[in-house]
Amino acid sequence: MKDISAKIQQLKKEKKAIILAHNYQRPEVQEIADYIGDSIELSRKAMQEQDAEIIVFSAVDFMAQSAAILNPTKKVLLPTLGARCPMAQMLTVDEIKRAKKLHPNAPVVVYVNTLAEAKAESDICCTSANAVEVVNSLDADTILFGPDRNLAEYTAEKTGKKIIPLPEWGFCPTHLLFQPEDVTIIKQQHPDAVVMVHPECSAEMRKTADFIGSTSKMCKYAKESTAKTFIVGTEDGILYRLRKENPDKKFIIAYDGAVCPNMKLTTLDRIYVSLKEEKYEVKVPKAVAEKARVALERMFQVKS
Ligand code: 13P
Ligand code: SF4
């Protein structure tokens, strides 16, 4: 492991590359990353990156695409072609066009977990960290929102606006695995535990939560909280960071099968090959990228 990490560090230097990794990445990948974060933090970092010539994006397709859209002069590499977020495939351009015809006055908000073509067809993007603020920033009471139905419902609860989900039942297969019963059982053994849940979880699961937020917001919450034990309702990769940053606190995942297979496709070996052979370069057609960039930049203008 040390050997491959050292080789990656060497290649990084030679090629002026940086590695950005999502909070769900494998521990060893988090260890060699220059920056770890949630979707919005990683997009911001990619946009602000001045010095690197290559950005290796250890995450899934839509996050690397956003980096390529926001930083068109850099080479953005996705180490594993198969690292695709299934939820991002759930919202098609046709679906958005159909909905726009039915609701011509409703702005279209797309979660960053979408492909570039869907972003290009939208008015503004959001992440799980700022969906409420993005929707509140719009001068409309009815909003078209996709693809995550749970995030759409959570945002509707928080904003009081009418949110029409696109498609009707978009979901994250990993967050769907969490059940409130699991929290009840863990709570019997750890009655003082604080429950943190990602908004991609079901409404029943969100009802168990003391805190709902993006992956990095959970990290911040755990650091600042005086609680000693936390039940975590999101993908298991985050536990590594939570435990590393809070060695005196206890973190229990609400369901230990909640592993995103797509996020776990990125390994150190694959990062090494990716850097060495400079593959797989993420390319977004210029016309699509320009429109998608507008939607992403509008999101950055919203204070959250
Ligand atoms: P975050 O933006 O909260 O990191 O979430 C991304 C994601 O894919 C959640 O499943
Ligand atoms: Fe996509 Fe869910 Fe994996 Fe996040 S956890 S990348 S939403 S499949």
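Remember, it's 1-based here, ligands and their atoms both numbered in the order they're listed.
Here the closest heavy-atom approach between residue Val273 and residue Lys279 is recorded as CG1-CE, 3.9 Å.
Take a cut-off of 2.8 Å around atom 3 (Fe) of ligand 2: the protein N, O or S atoms inside it are Cys260 SG.
Polar contact with ligand 1: absent for Asp38 (N/O pair, distance under 3.5 Å). Taking any N or O of Glu200, backbone or side chain, at least one lies under 3.5 Å from an N or O belonging to ligand 1. Residue-to-ligand polar distances keep Tyr111 apart from ligand 1: every N/O pair is separated by 3.5 Å or more. Residue Ser128 places at least one N or O, backbone or side chain, under 3.5 Å from an N or O of ligand 1. Residue contacts with ligand 1: Ser39 is placed with a nitrogen or oxygen under 3.5 Å of a nitrogen or oxygen of the ligand (distance criterion only).
Considering His198, Glu235, Met218, Met263 only, the shortest heavy-atom separation from atom 5 (O) of ligand 1 involves His198.
Side-chain contact annotation: Tyr240 with Gln25, donor-acceptor N/O pair under 3.5 Å absent. Between the side chains of Glu41 and Ser216, at least one donor N or O lies within less than 3.5 Å of an accepting N or O. Between the side chains of Thr114 and Lys119, a donor-acceptor pair is found at a separation under 3.5 Å.
Note on ring orientation: taking the six-membered ring where Trp is involved, the planes of Phe178 and His175 are tilted (angle from 30° to 60°).
In the vicinity of Glu200, heavy-atom distances shorter than 4.0 Å reach the ligand 2 atoms 2 (Fe), 7 (S). Within ligand 2, counting atoms from 1 as listed, the ones closer than 4.0 Å to a heavy atom of Asn113 are 7 (S).
Using a 4.0 angstrom heavy-atom cutoff, His22 does not count as in contact with ligand 2.
Contact annotation for Asp148 and ligand 2: no heavy atom of the residue comes within less than 4.0 Å of the ligand.
Counting only residues at least two apart or in different chains, ring-ring contact (aromatic ring centres under 6.0 Å, His included) contacts with residues 97-150 are absent.
When Val134, Thr155, Val302 are each tested for a side chain to side chain contact (heavy atoms under 4.5 Å, CB included) with Cys126, only one passes: Val134.
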